[in-house]
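Nothing fancy with the numbering, it's 1 onward along the sequence.
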Amino acid sequence: MKTLNRSTHTSLSLTTRILQFGEGNFLRAFVDWMVHEMNTAHGYASGVAVIQPIDRGMVQVLAQQGGLYHHVMQGVEAGETVDKIVLNDSIQQAINPFEDEGGFFALAESEDVKLVFSNTTEAGIQFNSDDHPMDGLAITFPGKLTQWLHRRFEQLGDSESSELGVVPCELIEANGDKLKSCIQEYATLWKLGGDFQDWLGRRVHFANTLVDRIVPGYPKAEMTEIKSRMGFEDQLVVKSETFHLFVLEGDDFLQEHFPAHRYGFNVKYVDSIAPYRTQKVRILNGAHTSMVPVGLLSGLATVRETVEDPVVGEFVRQCIFDEIVPTISLPDEDPKVFAEQVLSRFANPFIRHELIAISLNSISKWRVRVLPTVLDFLDTKGTLPKRLVFSLAALIQLHLSGDFQLKDDEEVLAFFGDLRTQQLTGGDATMQVLKNESLWGQNLTAIDGFVDLVSECLESISTTSIASALSRL
C-alpha cells in the first residue's frame, strides 16, 4: 500500500488564493471539494492554505501528506446510487501558526490571496476583551484574523490589491456580520487606528452564509474496504453525502472570486439568507426533531429505518408536505423540491444516523425547530397542525416513560423526573409541561385548543400503541 504524498501522486501546482481557518472534516468535504472540482474541470487554478485555528489539530498530518486526502461521497441522486472516491489536491500549504507565525503572516502580504474561509465551531466567533496580546498570537479566531488583516493593511495599503472576501461557515445566524463585528471590536480594543477601520469597511467583503452537507467524517469502520479502493494509506479520509447547499449573502467581489454558482454547484448568492435558513431549519431539522420521539417509541433506531417504515415514514412525509412546507415561502423556488431532497437524504443507505443521538436536547430543539412552524400554520390556516402537535405529545411521553437514556439540560431532566415521581399522565401532565415557560419561552396553554389536542394525543400514545395512536390522526 503506497503512502500518500506529493512524491507518490502527481498533483496540480496551484497559486494559493484561499486562506482557510480549520482543517477539519467539514471544510475539506465542502469548500475544498468545490475548489478541487473547479480546479480540475473549470480552470479555477486556486490553492488553499490551511491554518490550524487552535494549538491542537491535524495540520501536521495534513502537511505530511502534502495536503492530499481522499473524499468518499455516497448517496442517492435522482434515484441512482452514488459511491465514489475523489483524491483532493486543492490544499497547497498547511500551517500551524503557533509554531510558524512567520508563515501565517507572510500570507497576509500576498496579493494572490483573495478569500478567507473558516469553520471554527459555533463558539469560534466570539469577542474576548481579555484577548489583548502584547506579542504573539491572539487567543481567539477573530483575534488572529484581526492580526492577519492588520498585517495585510500595513503591507499592501489601501489598494485594490489588498481587497479580500471573508466567508465564515460556522453554524450561527448572521455569521459574517458577527465575525466582522468581533474584528471591529478588536481593532478598537487594540487601538489599530481609524485608517485600518476604514479599510476594513471598504476593502474586506464579508458574507453571511448557510451551509448544508452531512459529513460523518473519518469512516473508521469501512477503512479496510476503502483502502483497497484507494490504493493508498491515508489518515485523513473524509466521508460525506452527495447533497450540498451553500447559500451566501455576497457582493460582486465574492461572486467573482468564488464563482461556484456558475459551474453547476448548488451554490446560491442571494439578497437574504433568512428564507433559506427557515427552509432548512423547519424541513430538515424540524423533521428530524419531529420523527425522533415517534420513531423511538415505535422501536426504530435510525433515521433511515424511520422514513422507510410504512407507518412512521408516512407520518414524517405528512409532517413535511402537509404541515411544514405550507409555512415556507422562497423567492422563485418551490420548497417541495428541497423537501424531496431531504427525504432522499434521510434514506441514504451509506449513513447510519441514530435517533437517540438526534434526541440530544430535544426539548430546546422542538422549541426552535418546530414550534415556530406550529404557530405559523395556526396563524395562516386557522387550525393546529395535528401531526407536529402529535410529535410534541410523543416527546412528552418519551420523557415520562423513563425507558430511554435521554440527554438534555439538567433542569429539563429534573422537571420530567418530578412529573414521573408524581405519576402525572394525560391532561395533568400536558398542563404542567405546556405552562412551563422556561421550556418554551411562552405559556403554550394560552394557545386555543393546544392543551386539548396534546392531551388527546398523549392519552392515545400512553394507553395504546404508537401505531394505533398514529392511525387516529
Side-chain angles (χ1 to χ4, degrees), residues 18-35 48-59 91 95 97 104 115-128 131 137-149 164-186 200 204-217 238 240-241 243-251 254 257-258 260 266-270 272-281 284-285 288 360-361 364-365 368-369:
I18 298 169
L19 189 74
Q20 177 175 300
F21 283 87
E23 74 278 27
N25 293 317
F26 182 79
L27 284 181
R28 288 190 292 113
F30 191 72
V31 171
D32 297 335
W33 164 70
M34 293 186 213
V35 171
V48 178
V50 169
I51 308 300
Q52 184 173 295
I54 57 177
D55 57 358
R56 293 184 179 181
M58 301 185 298
V59 156
I91 296 174
I95 297 172
F104 172 57
L115 293 170
V116 175
F117 287 91
S118 68
N119 189 29
T120 57
T121 78
E122 293 89 311
I125 300 181
Q126 298 286 341
F127 172 75
N128 181 353
D131 192 359
L137 286 173
I139 299 169
T140 64
F141 154 59
K144 293 182 185 71
L145 182 54
T146 304
Q147 291 175 313
W148 190 90
L149 289 169
L164 194 75
V166 178
V167 187
C169 298
E170 287 81 358
L171 295 175
I172 60 173
E173 194 168 352
N175 47 19
D177 292 341
K178 290 179 180 178
L179 179 55
K180 182 177 182 179
S181 177
C182 288
I183 292 169
Q184 290 171 328
E185 289 187 89
Y186 280 121
L200 188 67
V204 183
H205 307 258
F206 290 83
N208 290 317
T209 70
L210 172 69
V211 299
D212 188 5
R213 175 171 252 183
I214 297 171
V215 181
V238 61
S240 79
E241 65 174 338
F243 176 88
H244 69 285
L245 172 65
F246 199 7
V247 187
L248 304 93
E249 290 175 8
D251 60 18
L254 287 161
H257 292 281
F258 187 68
N266 195 15
V267 174
K268 305 175 187 292
Y269 283 95
V270 299
S272 173
I273 281 176
Y276 295 91
R277 180 177 294 280
T278 298
Q279 174 179 257
K280 176 182 181 290
V281 170
L284 175 65
N285 304 117
H288 263 159
L360 174 69
N361 297 329
S364 62
K365 286 177 178 176
V368 171
R369 300 173 173 183

Locate the shortest heavy-atom distance separating [X] from [Y]; write the atom from each residue and the value.
X: S118; Y: P168; answer: OG-CA, 3.3 Å
X: N208; Y: G176; answer: OD1-N, 2.9 Å
X: C169; Y: F117; answer: SG-CD2, 4.3 Å
X: I172; Y: R277; answer: O-NH2, 3.5 Å

[X]: side-chain hydrogen bond (donor to acceptor under 3.5 Å, both in side chains) partners, not counting sequence neighbours:
X: D251; value: H205
X: Y276; value: E333
X: R213; value: none

Exercise for review: Please work out which of the three classes, parallel, tilted or perpendicular, describes the rings of H244 and F30, given edges at 30° and 60°.
Suggested key: perpendicular

**Study point:** side-chain contact (heavy atoms from CB on, under 4.5 Å) partners of T278, counting only residues at least two apart
**Key:** R282

Check your understanding: Listed by chain and number, what are the side-chain contact (heavy atoms from CB on, under 4.5 Å) partners of S272, not counting sequence neighbours?
Key -> E249, A274, P275

Check your understanding: When you look at F206 and D177, which way does the side-chain contact (heavy atoms from CB on, under 4.5 Å) test go after all the steps?
Key -> CA-CA 7 Å; F206 290 83; D177 292 341; 5.8 Å; no

Can you tell me how far apart [atom1] ([X]) and [atom2] ([Y]) are? Round to the nearest 0.5 Å.
X: L171; Y: K280; atom1: CG; atom2: NZ; answer: 6.5 Å
X: L179; Y: T209; atom1: CG; atom2: OG1; answer: 10.5 Å
X: I139; Y: Q126; atom1: CD1; atom2: CD; answer: 13.0 Å

Check your understanding: Okay, side chain of K144, backbone of L137: is any donor-acceptor separation there less than 3.5 Å?
Key -> no

Check your understanding: Where the side chain of Q147 meets the backbone of A138, is there a donor-acceptor pair that is under 3.5 Å apart?
Key -> yes

Could you pull out all donor-acceptor pairs under 3.5 Å where a side-chain atom in residues 48-59 meets a protein atom, sequence neighbours excluded?
residue: Q52; atom: OE1; partner: V59; partner atom: N; Å: 3.2
residue: Q52; atom: NE2; partner: I54; partner atom: O; Å: 2.9
residue: Q52; atom: NE2; partner: D55; partner atom: O; Å: 3.2

Point to revise | Sole residue of V166, I183, L145 in side chain to side chain contact (heavy atoms under 4.5 Å, CB included) with V204 | key: V166

Study note, to complete from the structure: Which of N175, L248, L210 passes side chain to side chain contact (heavy atoms under 4.5 Å, CB included) with I273? Answer is L210

Exercise for review: Evaluate the criterion side-chain contact (heavy atoms from CB on, under 4.5 Å) for residue pair F246 and V167; output intermediate values, then yes/no.
Suggested key: CA-CA 11 Å; F246 199 7; V167 187; 3.9 Å; yes

Exercise for review: Go through the steps for Q184 and L200 under the test side-chain contact (heavy atoms from CB on, under 4.5 Å), then give the verdict.
Suggested key: CA-CA 8 Å; Q184 290 171 328; L200 188 67; 3.9 Å; yes

**Study point:** Verdict with supporting geometry, T140 and N128, side chain to side chain donor-acceptor pair (under 3.5 Å)
**Key:** CA-CA 7 Å; T140 64; N128 181 353; over 6 Å; no

Practice item. Please lay out, stage by stage, how D32 and M34 fare under the test side-chain contact (heavy atoms from CB on, under 4.5 Å). Key: CA-CA 5 Å; D32 297 335; M34 293 186 213; over 6 Å; no

